[in-house]
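Protein chains get the first letters and strands the later ones, always in sequence-line order, with residue 1 at the start of each.
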There are 4 protein chains.
Amino acid sequence: MHIGLIGLGKMGFNMRQRLRDAEIEVTGYDRNPERTDVESVDALVAKVPAPRIIWVMVPAGEITDSVITDLAGKLEPGDLVIDGGNSKFTEDQKHEALLAEKGIGFVDVGVSGGVWGLANGYGLMAGGDPDRVQAAMPLFDALRPEGPREESFVHVGDVGAGHYAKMVHNGVEYGLMQAYAEGYELLEAKDIIKDVHGTFRAWQKGTVVRSWLLDLMVKALEEDPGLSKIAGYVEDSGEGRWTVEEAIAHAVPAPAITAALFARFASRQDDAPAMKMVAALRNQFGGHAVRAPGARDAGEQPNDNQK
Amino acid sequence: MHIGLIGLGKMGFNMRQRLRDAEIEVTGYDRNPERTDVESVDALVAKVPAPRIIWVMVPAGEITDSVITDLAGKLEPGDLVIDGGNSKFTEDQKHEALLAEKGIGFVDVGVSGGVWGLANGYGLMAGGDPDRVQAAMPLFDALRPEGPREESFVHVGDVGAGHYAKMVHNGVEYGLMQAYAEGYELLEAKDIIKDVHGTFRAWQKGTVVRSWLLDLMVKALEEDPGLSKIAGYVEDSGEGRWTVEEAIAHAVPAPAITAALFARFASRQDDAPAMKMVAALRNQFGGHAVRAPGARDAGEQPNDNQK
Amino acid sequence: MHIGLIGLGKMGFNMRQRLRDAEIEVTGYDRNPERTDVESVDALVAKVPAPRIIWVMVPAGEITDSVITDLAGKLEPGDLVIDGGNSKFTEDQKHEALLAEKGIGFVDVGVSGGVWGLANGYGLMAGGDPDRVQAAMPLFDALRPEGPREESFVHVGDVGAGHYAKMVHNGVEYGLMQAYAEGYELLEAKDIIKDVHGTFRAWQKGTVVRSWLLDLMVKALEEDPGLSKIAGYVEDSGEGRWTVEEAIAHAVPAPAITAALFARFASRQDDAPAMKMVAALRNQFGGHAVRAPGARDAGEQPNDNQK
Amino acid sequence: MHIGLIGLGKMGFNMRQRLRDAEIEVTGYDRNPERTDVESVDALVAKVPAPRIIWVMVPAGEITDSVITDLAGKLEPGDLVIDGGNSKFTEDQKHEALLAEKGIGFVDVGVSGGVWGLANGYGLMAGGDPDRVQAAMPLFDALRPEGPREESFVHVGDVGAGHYAKMVHNGVEYGLMQAYAEGYELLEAKDIIKDVHGTFRAWQKGTVVRSWLLDLMVKALEEDPGLSKIAGYVEDSGEGRWTVEEAIAHAVPAPAITAALFARFASRQDDAPAMKMVAALRNQFGGHAVRAPGARDAGEQPNDNQK
């Protein structure tokens with residue numbers, strides 16, 4: 001089997017290697033000349049034998065959109081495009097329709113596993129026509145961990161379902177990380193706890209909360225005790241937002257996942273307008289002291305708890 | 001009528017004035033020599049005719065506790081102590097028992113109205129024996145706004161009930177402020193909104209959300225457009241915490257009030273340990289860029305949304 | 001002045017009356033023959049003198065969309081359509097463009113005040129071209145409460161800004177109601193509180209939490225003590241969802257408003273799938289007893305707190 | 001080694017077996033005559049050789065308290081009591097002091113692993129004097145999974161620290177379960193997802209969210225597809241409440257864990273007073289339809305989204 005792979009970043013680069021380790025021939029393209037196998041997408045299309053499978057592994061949104069639009073003009077009927085990025089599921093039907101006009105197939109795949117996927121294998125969630133999913137099965141089998149296929153691969157439904165499942169996966173991931181992180185902060189705050197790192201380390205085997213994320217917490221604390229080198233500033237990349245939007249659209253209460261999302265937003269604020277207003281209101285009704293921006297170390301007056 | 005008033009801070013000072021305006025004689029004591037009427041609590045006790053009513057209006061917790069303990073040794077059977085501060089309701093039974101040993105009565109009163117109470121009158125919630133509450137009614141009538149008594153005064157129940165009602169009042173207040181503040185931040189964040197201050201100002205009459213707190217928001221924005229002089233740093237003084245603890249004790253879901261409490265906690269954190277951990281985890285599994293503490297302006301890599 | 005008003009439901013019916021009370025001539029149309037002034041929109045258009053102002057006050061979404069589309073085909077250049085419903089702000093630009101093709105103007109207005117607006121006047125938030133907003137000012141002045149215009153009317157920005165401000169208004173309203181409601185439930189749950197209704201009644205004057213919504217709580221408790229006639233089942237009509245979506249889009253933490261939205265979702269669930277899963281998990285790891293659907297009164301085993 | 005074990009419920013029964021499998025002699029006592037080895041605690045004390053180790057594994061709270069109080073009167077100086085239940089950490093110092101009066105040592109141990117601990121081993125968190133912890137190490141080594149000790153055992157600090165760590169463990173566990181459960185409900189709600197069970201199954205290997213709890217979700221869905229036999233009613237046993245209380249006491253924002261706790265509270269309410277009040281308020285200001293208790297299937301009027 002010989003496929004094309006567009007995007008050789010943190011994910012795609014490792015995936016090329018894992019596919020090759022499984023004796024699948026991969027022609028990769030990336031703008032980075034040190035990583036790419038060919039000079040252009042045209043060259044990639046020329047090199048991969050028809051009917052082609054082209055796996056797209058580039059940042060979601062505009063870049064994925066432009067790559068797939070470009071492929072629609074370059075591929076042939078019978079070819080298959082797989083979007084393995086974190087595209088929003090609503091993009092998938094658009095891409096499927098665009099490609100279908102040219103007789104090109106489309107499958108969306110959510111890929112989980114991060115930078116560890118090369119060694120561990122990736123968890124995969126596919127959406128699309130059963131025949132097309134089947135056609136790509138050798139790739140899925142190469143990418144996923146060894147063992148029963150159903151423990152690391154699922155054909156979730158029609159086009160869009162793979163990315164939807166991955167979106168929910170990432171939303172859940174937000175919630176899991178937040179729960180562990182709240183526990184971490186509380187243990188750090190409590191003086192009777194003399195070994196926070198050791199506590200997490202001891203949760204790795206036997207406990208109800210054991211997980212891969214927990215193992216990574218332990219590793220992070222080993223590499224940087226007290227996390228002294230890292231700021232409490234957390235980006236979000238879309239899937240958490242979409243998960244909450246979908247929860248709202250379907251009237252599903254999702255307070256824990258949403259709490260995780262909002263905690264990220266708040267982590268990026270130095271001086272939240274909302275909290276400026278709460279401080280202003282307390283000052284208005286109760287005469288409670290306020291702080292000037294930048295002066296976060298001033299104290300309140302002793303009488304402040306009466307209003 | 002002639003009463004004693006201990007504590008002439010932001011609340012007590014105004015309350016003395018309002019009581020005097022109602023032709024109630026008040027002997028006030030405060031450590032601040034510019035505010036006090038007498039040199040000591042002893043002098044206050046000596047000056048107020050028996051059976052005495054002594055209104056305590058000092059910070060909740062240790063100070064209130066020491067003042068009431070002190071009074072227990074100085075007052076006479078038949079006297080009455082009123083705690084008008086924001087004491088935790090669990091303190092009240094302790095104080096009642098302490099005073100009862102000496103034949104001294106006790107009433108707890110939640111007092112709301114802040115620095116505006118002098119002009120507007122205070123909302124009052126009392127707990128205690130009906131006869132004792134009745135004995136203090138002239139004070140309550142002087143302190144509360146004009147109009148029907150039931151619109152600004154309630155005898156909630158036995159000792160502790162007044163402070164409990166005030167605690168819930170303040171918990172609700174946390175939630176109300178947070179809701180308005182979130183709306184404020186969202187309006188500020190939206191480019192099509194050209195007049196945030198004007199929007200709040202226009203909510204003052206006719207709308208469903210009109211309230212006194214809203215009026216204060218408008219006033220705050222008039223005094224400091226954009227709240228440029230105030231940091232997004234918000235203290236909490238106990239009642240919000242107790243409200244959530246009581247919600248938990250009674251299995252009452254209180255997500256909005258709790259959100260307000262946690263938002264205050266987060267407003268006081270520069271670099272939350274929990275969010276350091278979430279950042280560390282994202283770095284561990286996805287290779288996502290992290291920031292060093294203090295370097296909050298760095299950017300993530302473009303490929304970061306794939307894991 | 002003589003305007004057309006389409007939609008004579010709970011809001012429009014009262015607004016027609018209030019406009020007429022201010023000596024504005026109103027020709028109203030509604031599908032309900034008992035309320036309508038004319039037989040059809042055509043008849044309404046024929047009766048209102050050009051340049052016409054047509055106020056649309058129908059349910060947001062498809063109905064508003066079809067009414068405005070219909071008007072685009074029936075009105076003349078120079079006419080003005082005002083959408084006073086709770087349309088999503090993203091609809092407004094679409095409607096403006098559609099009408100602009102025919103030379104017809106568009107203004108969006110958020111209207112707050114509910115069924116009390118007839119007596120109290122409405123709070124109004126307008127978006128659109130300043131000249132068009134000015135043209136409709138006599139209507140706004142008639143609808144809003146007496147007193148300074150800026151306390152009940154605001155021109156928030158261009159088309160869409162009025163509905164955006166109303167959306168945030170309603171999001172805030174969700175949060176306010178939830179905060180009061182949590183306080184209500186906690187007071188109801190606490191045995192030492194002997195007069196919950198009286199407590200809310202006493203918050204009406206003087207306290208920090210006094211508001212119109214609080215007055216309505218008191219009224220509701222007067223009409224139905226203990227709320228025995230009303231189920232804890234709460235609908236939501238869109239603006240709360242949009243507010244949270246916009247908060248997410250702008251990375252604004254909105255935990256209190258979101259808590260209120262999710263509480264409504266949860267109130268409509270008899271047997272939430274998420275909580276079925278949590279129960280199933282507890283059973284899996286700890287052998288904790290579960291209940292069959294419908295059997296909500298069974299107890300757990302005494303030893304259940306060990307896992 | 002020969003120890004006593006009081007409490008042979010879901011946890012203790014399995015622990016006795018696991019200790020015996022490691023060739024530790026165990027004399028167990030339980031009120032259940034089918035499970036106990038001796039007729040009474042006196043008989044147990046008589047049978048275990050001094051210096052004794054007595055492991056208490058009974059429900060937290062009053063039962064644990066009475067068992068330890070009883071032991072204080074029956075054991076000898078030099079003996080050691082281990083509380084392995086889910087006692088609140090504040091109980092531990094009390095028990096330590098009580099036993100210390102008699103020269104008896106005390107160690108608190110949080111034990112995680114549930115009904116699977118017999119096969120998998122338990123995760124253990126100990127608090128207490130180092131010598132006493134060391135004395136019990138053969139027990140810990142027998143109970144925990146094979147492999148490096150630090151991956152399943154930690155000496156967290158002085159007395160109370162073990163139970164504190166276990167409390168946080170359980171709080172985190174609440175958050176993790178809630179996050180997965182929200183994802184489950186959302187996947188169930190989305191029509192394009194054709195295989196919810198398969199999706200969770202496929203998350204077991206390779207994905208970022210893989211964990212033991214996830215494995216149990218898959219098992220639960222295998223045993224009861226759609227969870228049709230289980231109600232969405234979830235008890236809580238204390239540790240989640242204490243975790244939130246401790247978060248509040250230390251000003252640690254814990255929104256995800258708290259969301260999980262409140263979701264459990266809400267799952268047990270048929271008709272929440274708070275939501276009755278929100279429904280009542282919507283009716284008051286907007287004339288929105290309400291439902292009578294028990295009539296949860298009625299609809300709202302179409303015009304309800306205008307207020």
**Study point:** A:Ala189, part contacting chain D, at a heavy-atom distance under 4.5 Å
**Key:** both

Practice item. Mind listing the closest non-hydrogen atom pair of D:Gly183 and A:Ile257 along with its distance? Key: N-CD1, 4.3 Å

Review point. Chain A: which of D:Leu213, D:Leu176, D:Leu214 shares the most heavy-atom pairs with it under 4.5 Å?
Key: D:Leu176

Enumerate the inter-chain donor-acceptor pairs under 3.5 Å for chain D and chain A, one line per pair.
residue, atom, partner, partner atom, Å
D:Ser112, OG, A:Val208, N, 2.9
D:Glu150, O, A:Ala202, N, 3.4
D:Glu151, O, A:Gln204, N, 3.4
D:Glu151, O, A:Lys205, N, 2.9
D:Glu151, OE1, A:Lys205, NZ, 2.4
D:Val156, O, A:Lys194, N, 2.9
D:Glu182, OE1, A:Ala256, N, 3.4
D:Glu182, OE1, A:Ile257, N, 3.0
D:Glu182, OE2, A:Ala256, N, 2.8
D:Lys190, NZ, A:Glu246, OE1, 2.9
D:Lys190, NZ, A:His250, NE2, 3.3
D:Lys194, N, A:Val156, O, 2.9
D:Ala202, N, A:Glu150, O, 3.4
D:Gln204, N, A:Glu151, O, 3.4
D:Lys205, N, A:Glu151, O, 2.9
D:Lys205, NZ, A:Glu151, OE1, 2.4
D:Val208, N, A:Ser112, OG, 2.9
D:Arg210, O, A:Trp212, N, 3.3
D:Trp212, N, A:Arg210, O, 3.3
D:Glu246, OE1, A:Lys190, NZ, 2.9
D:His250, NE2, A:Lys190, NZ, 3.3
D:Ala256, N, A:Glu182, OE1, 3.3
D:Ala256, N, A:Glu182, OE2, 2.8
D:Ile257, N, A:Glu182, OE1, 3.0

Point to revise | Side chain / backbone / both / neither for D:Pro253 at chain A, heavy atoms under 4.5 Å | key: both

Exercise for review: Quick one: which of A:Pro145, A:Gly157, A:Ala249 has the most heavy-atom pairs under 4.5 Å with chain D, could you say?
Suggested key: A:Pro145

Practice item. Measure distances from D:Ala260 to the heavy atoms of chain A and classify the residue's part below 4.5 Å as side chain, backbone, both or neither. Key: neither

**Study point:** Passing candidate, side-chain contact (heavy atoms from CB on, under 4.5 Å) with D:Val156, options A:Ile193, A:Ile192, A:Leu187
**Key:** A:Ile193

Revision key, fill the gap. Chain A shares the most heavy-atom pairs under 4.5 Å, among D:Pro148, D:Gly206, D:Ala202, with D:Ala202

Check your understanding: Can you tell which of A:Gly198, A:Pro255, A:Ala259 has the highest number of heavy-atom pairs within less than 4.5 Å of chain D?
Key -> A:Pro255

Point to revise | Among A:Gly175, A:Ala256, A:Gly123, residue most engaged with chain D (heavy-atom pairs, under 4.5 Å) | key: A:Ala256

